[in-house]
Visitor: 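Below you'll find the structure I mean.
Scope of the values below: all heavy atoms of this structure, side chains included, with no hydrogens, waters or symmetry mates. It should be emphasised that the depicted structure is a prediction, and the values quoted were computed from it without experimental measurement. Residue numbers start from 1 in every chain, and the chains themselves are labelled A, B, ... in the order their sequence lines are given, proteins ahead of strands.
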Amino acid sequence: MEAITAMSGKYNPRTIEEKWQRHWEEKQIFKVTEDGNKKKYYLLEMFPYPSGKIHMGHVRNYTIGDVIARYKSMKGYNVLHPMGWDAFGMPAENAAIEHGIHPEKWTRENIANMKKQLKRMGFSYDWDREVSTCEPEYYRWEQMFFLWMYEKGLAYKKTSSVNWCFKCKTVLANEQVEGGLCWRCGTEVGEKVLDQWFFRITAYVEELLEYCDKLPGWPERVMTMQKNWIGKSYGCEISFPMADSDDVIKVFTTRQDTIFGATFMLIAAEHPLVMELVTGKPIEQEVSAFVDKVKRQDKMVRTSEYYEKEGVFLDSYCLNPVTDQKMPIFAANFVLADYGTGCVMAVPTHDQRDFEFAKKYDLPLIVVIQPKDRPLDPETMPEAYVEEGILVNSGQFNGMENMKALDSIATYFESIGRGKKTIQYRLRDWGISRQRYWGAPIPIINCKKCGTVPVPEADLPVVLPLDVVLTGEGGSPLAKHPSFVETTCPSCGQPATRETDTMDTFVESSWYFDRYCSAHHTEKPGLDKTKVDYWMPVDQYIGGIEHAIMHLLYARFYSKVLRDFGILSVDEPFTNLLTQGMVCKESMRCPTHGYLFPEEVEEEKCVHCQQPVTIGKTEKMSKSLKNVVDPDYLIRKYGADTTRLFCLFASPPEKDLEWSDQGVDGAFRFINRTWRIIMDYRDVIRDVKPFQGDAELPEDLKNLRRKTHQTIKKVTSDIEDRFHFNTAISAVMELVNVLYQIPKPDKENRIDLAVVRETVESIILLLTPIVPHVAEELWKNIGHQNTLSKISWPTYDPAIAAEEEITIVIQINGKLRSRINVPAEEEAEAIKNLAQADEKIVKLVEGKQIVKVVYVPKKLVNIVVKG
RNA sequence: GCCUGGGUGGCGGAAUUGGUAGACGCAAGGGACUUAAAAUCCCUCGGUCCUUGAGGCUGUGCGGGUUCGAUUCCCGCCCCAGGCACCA
C-alpha cells in the first residue's frame, strides 16, 4: 500500500486514513490512565443521542474537540478524551411504535453504526471508557443517587400537569403537540394533573447563581442566560385583606411602587382558591366551566401578549391595603398558578395586560406614575404607561421617582404588618417523572399500608424489563407490565406496586462525565474517588449552544448534590465551556415532492419529476427539511481529513456554520496542494536537519523562515487563546503559498534546504491536530520513524518572527492618504516628521492649519487639519 | 411574547484592546502548460466615477450620536437564529 502511494505520489485519503486509524488502535495511542507526573487535561464533548447516524453537527462538535485534545496532548498534557451514548429517550420509543423495532435493539444497532462512523473520522477517543446510559451498570448508580436524594428530601413527589391526549390516552411531550393538537391523531391536547417526582434544584439556587460569576471560562452569554433563567427578583409579598372575612390574599410583586393604583385582583384560573371562593354561590357553575376551559388551553398560548385576556368575576372582594378601596377578584387565563403565589394585584394604568383586562371588564383606572414630559389621563390613555416616572396619587410617596421608592414602600409594608420584603426566583424544581418506557426506572415502591417506600439499595438496579409491547396509546407501558409492577413491600412484606415512571434523560447526562473517569467501576458508589478526583473537573466542555440553559444547569446542580454526598470534590463540573453554533444549509423544495435531499436534485431540478426546485433560506440542518449532508458521503468522496478541515475552516466554532459544497472542494485542494509540495521536496530534504544557527540567508529564504516562525506564533495563539481554527488554517495556507513562491534550492544547497525542512516540518506539525492522518503520512515520508502523536508542538523564536520594516499609514482627518515604510524600531517623533514630509501629504496639507498629529505606535499617523 | 446572540463583497469568512475594511478560501475572469480536456501553476477580482492614477468618491442591516478616527462604543429601529422547563 505504501509502495503504491510512494510510486504514484498521489494523495489517497482512504488508504492513508484507514492505515493510521489501524495504527492508533493497535498501539492504543489514545488510552489514558491517571499519571501524577503529568498535568491532566479533561476534554469533553457532549455525548450524542444514538439516533442512527452521525450528522454534521456531531462531526463539527467532535472535530473541534479532537483538535483541542490532540493539541493539548502535543503540549504535554495527560489528556482524557472519552465518548459515550445518551442512550435513553423518546426517539427509540417512537421507532418502536412506528416500525415495530424494540428500543433496545434499535439503540444498540444505532450505537454500533455511529461508533464505526466516529472511528472512521479518526477521533482520538479512549474507547475503553465508553459509557452507554441505557445499561443497568450505568443507571443502577443513578437509581442509588435517587434514593439518597429521596432520603435528604431532594427528591420528592407533588402533583403537576402534563400534556394529555384524550384519544391516545397518553402523555405527550411538548414536541408532540403541534399547534395544540396531538401529532399522532390530530385531536386537541389538554392537561392532566398527575403525581410526579421532582428534584429540589431550588435548594441550590443561591449557589447556582453565585457561581455564575465564578466561572470565568464560560461564555458571558451562557452565564447571562442562566442568571435570567434562575431569575432572582427582589420584591414584596403583600397581604390583601378580604372585604368580608379575616382571610387575606397574598401576592408577590416587584412593582410595589404601583400599589396605590391596584384596583382589582387576579387569580390564576387553575388556582384552588378560585373554586373555594365561589363554592355555593350562584356563579359556581359558570366559574367552573371557565376554569375547565382555561385548563385545556396551552400555557404558552394563553399567556402570550396577543391572546385574548379573559376572566370571570368571583363575586368576592378584597381591600387595597394602602387605600382600603374595594377590589373585585377575578379568575384570569393569563395568570400562572405556579409563579409567585398564583395571585397578582392588577394595576391597569401601568401594566398592559391589566390595562386590556380593565378595558374589557370596565374596571377603574388610577394613574400613579406620571411621565416627566406629559400628563396621563386615565380616561383617554390608549395603553398602559410602563416607563419610569414620578409617583402621584400615592399618599406620602408622592413626588418620588418610582424606581427609588421601591425600597421605601416595601419597608412601609413591613412597618404596618401588611407585607414583607421577599426574594423570588423564576427557577422551578426539576420535574423528572416521565410516563415512558425507555428510561431509567425510578426505584420506588408504593405500598397501600406503608405509602412511598424506597427500593432497598441491595435490590438495585431496578432493571427495565425488555418484554414490552409499545403502541403509543394508553399511557405508560411499564404500568401494563404486571411482573414489573407487582412486587412486595420491602417494609411490611405485603403485596405492593412499583413506581412506573422513568427518569428524565437529563438525569443521565448530568453525571456521565463523572462516570467516564472510572467507567467500569462496579463498587458503590459507582465512581472511584481517586480517579474522579484526578480527572475532575472537566477542563474544557464543548457542545451546542442549544444546551446553554437546561442541560448545563442540571449538570451543575447534580454535581453539587454528588459533592454533598461526598462523592465528588468539585463545586462545578466544567471549568471552561465552548458553545458551538449550528450547522446550517439551504433547503430545496419540489412543488410535487416537497422537501428534497441534496441527492434528489440535479441541475436545480427534481430527479423524480424534472420540475425546477425552489431554493429556500438557510436553516439548521434537520431531517424534516432534508437539508442534510451525510458525513459518510463526504468521507467516501474526500476522506475524514478533508471533512475535518472544512468544518474547522468554514467558520469559528461559536458561530453557525453554513454548509457549502464548493468549500469542501477547496479544503480537499489545500490538502492536495500541501501534499504535492512536500512530496516534491521529500527526496532532497529527507536527510537534512531543520535549519538552526544564524548563517546569513538569501532574502527569500530569510522571508520564508520569518513567515514560518510567524505562522507558528499565529496558529498557537489562535488555538490556545480562542479556538479560532479557521484563522489558524488560513495562516498555514499562507505559509504553504510562500513555500510555493520560493525557487526550489539546489540539491547540494543544504543550508537553503534546511530552511525548507524547518518550514515543511512546521507545516506538518501545525496541521497534525486538524488533519492527523495526512500529517502522519507526510511525517513518515520526510524520513521520521516515530508516530506524530508523541511529538511536541513546535515553538517559535520571536526574534526570527519579528519584522524588520513596518508600514505606517498616514491619514488626514481620519482618511487614508498615504503610507510609508519605516524600520520597525523607528522613534515616534521621526515617524511623525516623515509622515508630514511625505510628498502626497505635503500637497494635501498645503494652505491648511494643522490642528494636531495623532500617532498610534506601529500603526498610523493621523494629521488633523482645518480650513 | 420573554431571555440570549447575530447581520461585513457574488458566497463562507478576516480585521484579537477604537486605528490600513475585505486576510484565507470558494465562485468568476484571464494567462501558462497540453494535440485537447481535466488537473496543476501564475495573475485579476466590493461598488462607482473620471482626467485610467501609487486617482476621486462611496461602502460593514437601517437611522442618529460620541471620537482626530467607529465593522468595533452609545441610543432607536428592522431582519435572522437559539432557548423558553416532557426533543436531545
Visitor: Provide, to the nearest angstrom, the distance between the CZ atom belonging to A:Arg817 and the P atom belonging to B:rU20.
Guide: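 Between P of B:rU20 and CZ of A:Arg817: 15 Å.
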
Visitor: Any side-chain heavy atom of A:Phe557 within less than 4.5 Å of one from A:Leu208?
Guide: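 Sidechains of A:Leu208 and A:Phe557: in contact.
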
Visitor: Any side-chain N or O of A:Asn726 below 4.0 angstrom from OP1/OP2 of B:rA14?
Guide: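 Yes, within the criterion.
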
Visitor: Hey, do the aromatic rings of A:Trp675 and A:Phe668 have their centres closer than 6.0 Å?
Guide: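 Not under 6.0 Å, so no.
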
Visitor: Tell me whether the OP1 or OP2 atom of B:rU20 has a side-chain N or O from A:Arg819 closer than 4.0 Å.
Guide: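 Answer is no, no contact under 4.0 Å.
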
Visitor: A:Lys714 NZ to B:rA14 P: how many Å, rounded?
Guide: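 In whole Å, B:rA14 P and A:Lys714 NZ are 10 Å from each other.
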
Visitor: For A:Ile831 and B:rG19, what is the distance between atoms CD1 and C1' respectively, to the nearest whole Å?
Guide: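 One finds 14 Å between C1' of B:rG19 and CD1 of A:Ile831, rounded.
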
Visitor: Using Watson-Crick and G-U wobble pairs whose two distances are both under 3.5 Å, how do you write the pairing of RNA chain B as dot-bracket, with | for links to another strand?
Guide: (((((((..(((......[....))).(((((.......))))).(((((..).))))..(((((..]....))))))))))))....

Visitor: If you take atom types as modelled and just measure distance, does the side chain of A:Glu546 reach the base of B:rC84 with a donor-acceptor pair under 3.5 Å?
Guide: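 It does not, because no donor-acceptor pair links the side chain of A:Glu546 to the base of B:rC84 below 3.5 Å.
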
Visitor: Side chains of A:Val171 and A:Trp164: does their closest heavy-atom pair fall under 4.5 Å?
Guide: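 When only atoms from C-beta onward are counted, A:Trp164 and A:Val171 do touch, with a gap below 4.5 Å.
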
Visitor: Counting any heavy atom closer than 4.0 Å, what does A:Val162 reach on the DNA or RNA strands: base, sugar-phosphate only, or nothing?
Guide: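 Base contact.
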
Visitor: Using whole Å, what does the distance between atom C1' of nucleotide B:rC41 and atom CZ of A:Arg676 come to?
Guide: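 These atoms are roughly 9 Å apart.
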
Visitor: Please determine whether any donor N or O and acceptor N or O are separated by less than 3.5 Å between the side chain of A:Gln435 and the base of B:rC86.
Guide: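 Yes.
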
Visitor: Is any side-chain N or O of A:Tyr49 closer than 4.0 Å to OP1 or OP2 of B:rC87?
Guide: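 It does not, given that no N or O in the side chain of A:Tyr49 lies less than 4.0 Å from OP1 or OP2 of B:rC87.
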
Visitor: Between A:Asn703 and A:Arg706, do the side chains contain an N or O donor and an N or O acceptor separated by less than 3.5 Å?
Guide: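 Indeed, the side chains of A:Asn703 and A:Arg706 share at least one donor-acceptor pair under 3.5 Å.
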
Visitor: How long is the line joining CG of A:Asp656 and C1' of B:rA81, in whole Å?
Guide: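 Interatomic distance, CG of A:Asp656 to C1' of B:rA81: 6 Å.
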
Visitor: Can you spot which of A:Trp106, A:Phe88, A:Tyr139 makes a ring-ring contact (aromatic ring centres under 6.0 Å, His included) with A:Trp438?
Guide: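 Looking at A:Trp106, A:Phe88, A:Tyr139, the match for A:Trp438 under the ring-ring contact (aromatic ring centres under 6.0 Å, His included) is A:Phe88.
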
Visitor: Can you tell me how far CE of A:Met550 sits from OG of A:Ser510, rounded to the nearest 0.5 angstrom?
Guide: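 The CE atom of A:Met550 is 10.5 Å from OG of A:Ser510, to the nearest 0.5 Å.
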
Visitor: Using a heavy-atom cut-off of under 4.0 Å over every strand shown, decide if A:Asn672 touches base, sugar-phosphate, or nothing.
Guide: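 If one applies the 4.0 Å heavy-atom cut-off, A:Asn672 turns out to touch nothing in the nucleic acid.
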
Visitor: Please tell me if the side chains of A:Ile442 and A:Ile432 come closer than 4.5 Å, counting only heavy atoms from C-beta onward.
Guide: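 Sidechains of A:Ile432 and A:Ile442: in contact.
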
Visitor: Could you tell me whether A:Arg673 contacts a base, only the sugar-phosphate backbone, or nothing, with contacts defined as non-hydrogen atoms closer than 4.0 Å?
Guide: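 The residue A:Arg673 makes sugar-phosphate contact but no base contact.
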
Visitor: It should be established whether A:Lys815 places a side-chain nitrogen or oxygen under 4.0 Å from OP1 or OP2 of nucleotide B:rU58.
Guide: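 Yes, within the criterion.
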
Visitor: Whole angstroms only, please: what is the CG-P distance between A:Leu844 and B:rG56?
Guide: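 After rounding, the gap between these two atoms is 8 Å.
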
Visitor: Do the ring centers of A:Phe334 and A:Phe357 come within less than 6.0 Å of each other?
Guide: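 Between A:Phe334 and A:Phe357, the centre distance is under 6.0 Å.
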
Visitor: Look at all strands and tell whether A:Phe506 reaches a base, only sugar-phosphate, or nothing, counting heavy atoms closer than 4.0 Å.
Guide: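 The residue A:Phe506 makes base contact.
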
Visitor: Please check the phosphate of B:rC2 (OP1 and OP2 only) for any side-chain N or O of A:Asn228 closer than 4.0 Å.
Guide: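 Negative; the distance criterion is not met.
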
Visitor: Nearest to the side chain of A:Ala650, which nucleotide is it out of B:rC24, B:rG12, B:rC87?
Guide: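 The listed nucleotide nearest to A:Ala650's side chain is B:rG12.
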
